[in-house]
Amino acid sequence: MRLSRYFLPVLKETPGDAQIVSHQLMLRAGLIRQTAAGIYAWLPLGHRVLRKIEQIVREEQDRAGAIELLMPTIQSADLWRQSGRYDAYGPEMLRIKDRHNREMLFSPTAEELFTQIFENGARSYRDLPRMLYQIQWKFRDEVRPRFGVMRGREFLMKDAYSFDVDFAGARHSYNRMFMAYLRTFARMGLHAIPMRADTGPIGGDLSHEFIVLAPTGESEVFYHENWEKPRDTSAVDADDPAALEAFIDGLNTDYAATDEKRDLALEAEAGSALKQSRGIEVGQVFYFGDKYTKAMGVTVQGPDGTTITPEMGSYGIGVSRLMGAIIEASHDKDGIIWPDAVAPFKVALLNLRADDAACAAAADAIYARLEAAGVEVLYDDREERGGAKFATADLIGVPWQLVVGPKGVAAGTVELKRRGAGTREELSVDAAVAQLTA
RNA sequence: CGGGGCGUAGCUCAGCCCGGUAGAGCGCUGCCUUCGGGAGGCAGAGGCCGGAGGUUCGAAUCCUCUCGCCCCGACCA
C-alpha cells in the first residue's frame, strides 16, 4: 500500500478527551475515531489490526473444536423473556421497538439465541458435545463508557457456547476453552493470567477471567508471582480430558484472583510471593450447567431413551478491547509497538527523499519486490521530510522500517530498523528483502 | 444515576470574570530555500464561537433552556 493513496489520518497532538495511552495512541495513529460516547469508527489501519486479532481468535477457537457461525445483532424480546433475562438485564440492554411496535433488543450477549438455535438442530446425545461460536458486534449501554475501546458500548466480541451431556463433559469443554485462551493471548504477545472470577448475572459456579496486567486496568487483581512467567502449553494434549484437567489444575494451584474473589487465607499462604496489580479483563470463561437449557426446555434423547438437559458453558473474548490491551502492554514514547502477529503491516518502507529520482526508483523497486513476495508493506512515498516519515512509522508501530535514503542508495544499501528493539542494520537491498520475506 | 468540567478553525487551545467587527500554534494550499528523526521564509484558504430562546444599541462573552462530550463516584461477564 502506498501511503500517498491510503487513508491514514494521524494526529500530531493528543486529543484532550483521551485519558489512557492506548486510547491516545489509537486516535493519534489513525486507528479509530469516536462517533458517539463509547462508539467508534474503525479506520483502515485499525480495521486491519482488528482483523488480525480476530483471525488469531478464530484459529484458536477452531483448533479447540468450536464451530463458527453468525447470529443477528438484533434479537426479539420474546426470546429473552424465556430465560427471564429480559427483565433481569436492566438498562444496560439497548431496547428497540420496530415499526410494528414489537419489542426488540441489540444483543449484549447471546446465550439465549445459541441455546435456541442449538436446540433446533440437536435431538440426540449423539449431537453432543458441541461448541459453537461467533465473532460479532455487541452493544451494552454502559452507564459510563470510558478509556476508548477498553470500555465501549459497541464492541466486537467472540462468544462461544458449549453443550455437553454431563458435568464431566462440560468441564472438559471448559478446560479446552481455557487452554485456547492461553494460546490465543500468547500469540498476540500478551501475558494473560486466568483468575477466579465472579459469575455475575450469567450465573453458574465455575468461572475465570483472563487478565492482562496493566496499571490502567479497571480491575484490582492479586496473584502469585509464579504467574509472571509465561506458561508453556505446547506439550499438553487437549483431546485427553484427564491430562488437560491435570494441566489446568496445576496452573490454578498458583493463586490469582480479582478483588471480588479474594481469598485472604490463600493470600496469606502465598506470603511475600503475593503480588498486587491492576489488570484488563480480555476474556472470561463460565460454566453454568443447565441454567439456560432448563429455562428454555432444551433436551436431547439419551442412549437409553431418557431425556438429557445439556450442560452449558459460555466463553467470551473482547476482540476490540484486546487492541487497547495490546497497546497498553506494548508502546513507548514514540507510539505503538505492534507484536508481529497483529501488526497492520509487516514493514514500513520509507523513502526519505521522494524528490530524488535515484531514491524513488530504488524504493519503488523494493516495494514491487516485497509486494510480489506477499509481504504486507506500507510504502511511505509522500512528499515529506525524513523526520516526518520516521515519526509516522514509529507512531503507527509497524514492526520493521526499511529506510531508503540517498547515502544508502549511492552505496547500494538500505537500513532495516526493528521498531520494538530500536536496532538498525545497514545491509544490501537483497539481504533486506531476504530477511523480510524469510 | 449523583457530583464536577468542557463545547471557539482539521487538531491543541486562548479570548468569556470586566459585552464593542474572531485569535495563536500545529495542520492544510501555493511559491522559494532546505532535505536521515515531526525544518525555515513569504503568500493564502479555513470558524452563523454546539443549538434555541432572552437581556442589550450591540452577545463567543451575561441569563434561561437544551443537546453533546469528558472526569470522579456509584454501577459493570
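Being a predicted model, the structure only gives us computed values, none of them experimental. Just so it is clear: chains get the letters A, B, ... in the order the sequence lines come, proteins before strands, and each one is counted from 1.
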Could you tell me the separation between the CZ atom of A:R382 and the P atom of B:G36, rounded to a whole number of Å? 16 Å
Integer angstrom distance from the P of B:C48 to that of B:C67: 24 Å
Identify the nucleotide, in any strand shown, that forms a Watson-Crick or G-U wobble pair with B:U21, with both distances under 3.5 Å; if there is none, say none. none
B:C75 P sits how many Å from A:R146 CZ, rounded? 11 Å
Would A:E228 and A:Y223 count as having a side-chain donor-acceptor pair, cut-off 3.5 Å? yes
Lys/Arg N to Asp/Glu carboxylate O, A:E54 vs A:R58, below 4.0 Å: yes
Rounded off to whole Å, could you give me the CD-to-P distance for the A:E142 and B:C70 pair? 13 Å
Ion pair check, A:R278 and A:E218, cut-off under 4.0 Å: no
Any side-chain N or O of A:R144 below 4.0 angstrom from OP1/OP2 of B:C72? yes
Measure from NZ or CZ of A:R2 to the centre of the six-membered ring of A:Y379, then state whether that distance is under 6.0 Å and the direction lies within 45° of the axis. no
For A:T14, answer base if it contacts any base atom (sugar-phosphate contacts may also be present), sugar-phosphate if it contacts only those atoms, and nothing otherwise; contact means non-hydrogen atoms under 4.0 Å. sugar-phosphate
Using the P atoms only, state how far B:G47 lies from B:A9, rounded to an integer number of Å. 10 Å
OP1 or OP2 of B:G68 less than 4.0 angstrom from a side-chain nitrogen or oxygen of A:Q34, does that happen here? no
Taking a pair to mean Watson-Crick or G-U wobble geometry with both distances below 3.5 Å, B:C1 pairs with B:G73
Inter-nucleotide P distance (B:G27, B:G10), Å rounded: 16 Å
What is the distance, rounded to the nearest whole Å, between atom CD of A:E426 and atom P of B:G36? 14 Å
Suppose you measure atom C1' in B:G2 against the same atom in B:G15; what distance do you get, rounded to whole Å? 33 Å
Once you apply a heavy-atom cut-off of 4.0 Å, does A:A18 come out as touching a base, just sugar-phosphate, or nothing? nothing
For A:R140 and for A:E415, locate the closest nucleotide of RNA chain B by heavy-atom distance; then report the residue assigned to the nucleotide nearer the 5' terminus. A:E415
Which nucleotide, in any strand shown, forms a Watson-Crick or G-U wobble pair with B:G10, with both distances under 3.5 Å? B:C26
Please verify the inter-ring angle class for A:F185 with A:Y181; under 30° counts as parallel, over 60° as perpendicular, anything in between as tilted. perpendicular
How many whole angstroms separate atom NZ of A:K333 from atom C1' of B:G38? 12 Å
May I ask you to say what A:R33 touches in the nucleic acid, namely base, sugar-phosphate or nothing, with a heavy-atom cut-off under 4.0 Å? nothing
Do we see a donor-acceptor contact under 3.5 Å between the side chains of A:E426 and A:T413? yes
Tell me which nucleotide, if any, is Watson-Crick or G-U wobble paired with B:C31 when both distances must be under 3.5 Å. B:G41
By the 4.0 Å heavy-atom rule, please label A:K138 as base, sugar-phosphate, or nothing. nothing
Write down the distance separating the P atoms in B:G5 and B:G23, rounded off to the nearest Å. 30 Å
Under a 4.0 Å threshold between the charged nitrogen and the carboxylate oxygen, would A:E154 count as salt-bridged to A:K138? no
Do the side chains of A:R187 and A:E60 get close enough for a salt bridge, i.e. N-O under 4.0 angstrom? yes
Please write out each protein N/O paired with an N/O of nucleotides 22-30 of chain B under 3.5 Å, distance rounded to 0.1 Å.
from  : atom 1 : to    : atom 2 : distance (Å)
B:G25 : N2     : A:E13 : OE1    : 2.8

Contacts of A:A110 and A:P145 projected onto RNA chain B by closest heavy atom; the upstream (5') one is A:P145
Integer angstrom distance from the P of B:C18 to that of B:C42: 39 Å
Assess whether a salt bridge exists between A:D164 and A:R176, defined as any Lys/Arg side-chain N lying under 4.0 Å from an Asp/Glu carboxylate O. no
Atom C1', compared across B:U8 and B:A14: separation rounded to whole Å: 10 Å
Can a side chain N or O of A:R385 be found less than 4.0 Å away from OP1 or OP2 on B:A39? yes
Rounded to whole angstrom units, what separation is found between the CD1 atom of A:I20 and the C1' atom of B:C70? 14 Å
Over all strands shown, is A:G316 touching base, sugar-phosphate only, or nothing at heavy-atom distances under 4.0 angstrom? nothing
Under 4.0 Å between any heavy atoms, over every strand shown, what does A:P406 touch: base, sugar-phosphate, or nothing? Just pick one. base
Atom pair distance, as rounded to whole Å: CG in A:D17 and P in B:C6: 15 Å
Counting distance alone, no hydrogens or angles: does the base of B:C35 have a donor or acceptor under 3.5 Å from a partner atom on the side chain of A:D355? yes
According to the Watson-Crick and G-U wobble definitions, with both distances under 3.5 Å, which nucleotide is paired to B:C65? B:G51
Between A:R424 and A:E415, does any NZ, NE, NH1 or NH2 come within less than 4.0 Å of an OD or OE carboxylate oxygen? yes
If you look at every strand shown and take non-hydrogen atoms under 4.0 Å, does A:R424 touch a base, only sugar-phosphate, or nothing? base
